[in-house]
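Take a look at the structure set out below.
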Amino acid sequence: MHELSVTENLLELALKHAEPTQANRITDLYLVIGQLSSIVDDSVQFYWDFVSKDTLAEGARLHFKRIPTELLCLDCNKSYLPGEEQLSCPYCDGIRVKILAGNEFRLEAIEIEN
Amino acid sequence: MRKRIPVIENILSANDQLARENRKKLDQAGVFSLNFMASPGAGKTSLIEHIIKGLSGKVRLAVIDGDVATSIDADRAQAAGAVAVQINTGGECHLDAVMISGALPQLDLTQIDLLIVENVGNLICPSSFQLGTHKSVLIASIPEGDDKPYKYPAMYRGVEALVINKIDLLPYIPFDMEYFRRGVEVLNPGLITFPLSCQTGEGIEDWIAWVASQVNISTYQFEH
């Protein structure tokens, strides 16, 4: 059910940005989703077909850009891509980290026809 | 003609905006609020019952309970002596700012010091939806296993305090506390943690003292 409310929010956001452009149709949505934001592409796509019906965005294509999690070790200052159970730094085993990427959860752009 | 329109906006920005409005309402009324998140059965409601009893007569407390169905949790909070509002999400796996915004008018905020929002039992979705509460608390429990920080990183990252409930079961369950804490430390360095048992009462005192300190009751003294 999580993806349903996310998809509704997505539609609202796309329509909000299309409105002032006097678009006849929204054809494409470009999403940027970090690995940490626990969203399933297929599920969003599934709900999208329902929620976008009878709107400007009906039938629009969803493009997902996935961003892998990247951490910066604050001890040795190296960045790395963590493994599933290996969250600590592979170089120095440090566990003080900063998240460089992976939190993204945004609509980057839409394409419209008018 | 085809045209690309840059958006660059968080997908949940409408929710976040409403969450900010909720926060404003709470701030204006002088209400401190906590968002309790956990998997089903971790002990959210039991913990709330302890807080209600521990702070009774010192803090005016209200609870907003989120569940897919039933008012069991709100009934328990009410029986323990708190004002309680039940939100039935009708299938939704989390509370969001819209639901909180609908529940707030049902409470007389001027008569409340502490508002606890009990989120839907779920270790994934609630972490994505801001409510407008001041701090978030995660309640983990020993029977869930020591690998949960690794499996649900978003939940462990987005909280300001961690309760580890059911520590009375440690002798009976393989739970590597060192492994668990290491996972937590990577995700949320220095996170304040309260190992306790709602069943035996062990560790409850420190936890309630923390809650009280958050509500800023300088005169508060825990009564043994």
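Order of the sequence lines fixes the chain letters, A, B, ..., with proteins taken first and strands second; residue numbering starts at 1 for each chain. In this text the structure is predicted, and so the values were computed from the model without any measurement.
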Side-chain donor-acceptor pair present, B/E9, A/H17, cut-off under 3.5 Å: yes

Carboxylate-amine/guanidinium proximity below 4.0 Å for A/K53 and A/E58: no

A/N103, part contacting chain B, at a heavy-atom distance under 4.5 Å: side chain

Winner by heavy-atom pair count (cut-off under 4.5 Å) against chain B, out of A/I26, A/I99, A/V32: A/I99

Electrostatic pair A/E108:A/R106 at N-O distance under 4.0 angstrom: yes

Residue, of A/R25, A/E113, A/E104, A/R96, that accumulates the most heavy atom pairs under 4.5 Å with chain B: A/E113

Criterion salt bridge (Lys or Arg N to Asp or Glu O under 4.0 Å) on B/K3 and A/E111, from CA distance to verdict: CA-CA 5 Å; B/K3 214 161 67 181; A/E111 262 175 39; over 6 Å; no

Residue selection (most heavy-atom pairs with chain B, distance under 4.5 Å) from A/I33, A/L87, A/V97: A/L87

Side-chain H-bond candidate by donor/acceptor type, A/S88 with A/Q86, under 3.5 Å: yes

B/D146 side chain to B/F180 backbone, donor-acceptor under 3.5 Å: no

Contact winner vs chain B - A/L107, A/N9, A/L13, heavy-atom pairs under 4.5 Å: A/L107

Which portion of A/L29 sits near chain B, non-hydrogen atoms under 4.5 angstrom: neither

Side-chain H-bond candidate by donor/acceptor type, A/D28 with A/H63, under 3.5 Å: yes

Region of B/S13 that comes under 4.5 Å of a non-hydrogen atom in chain A: side chain

Under 4.5 Å from a heavy atom of chain B, the part of A/T27 involved: side chain

Contacting moiety of B/F129, where chain A heavy atoms sit under 4.5 Å: side chain

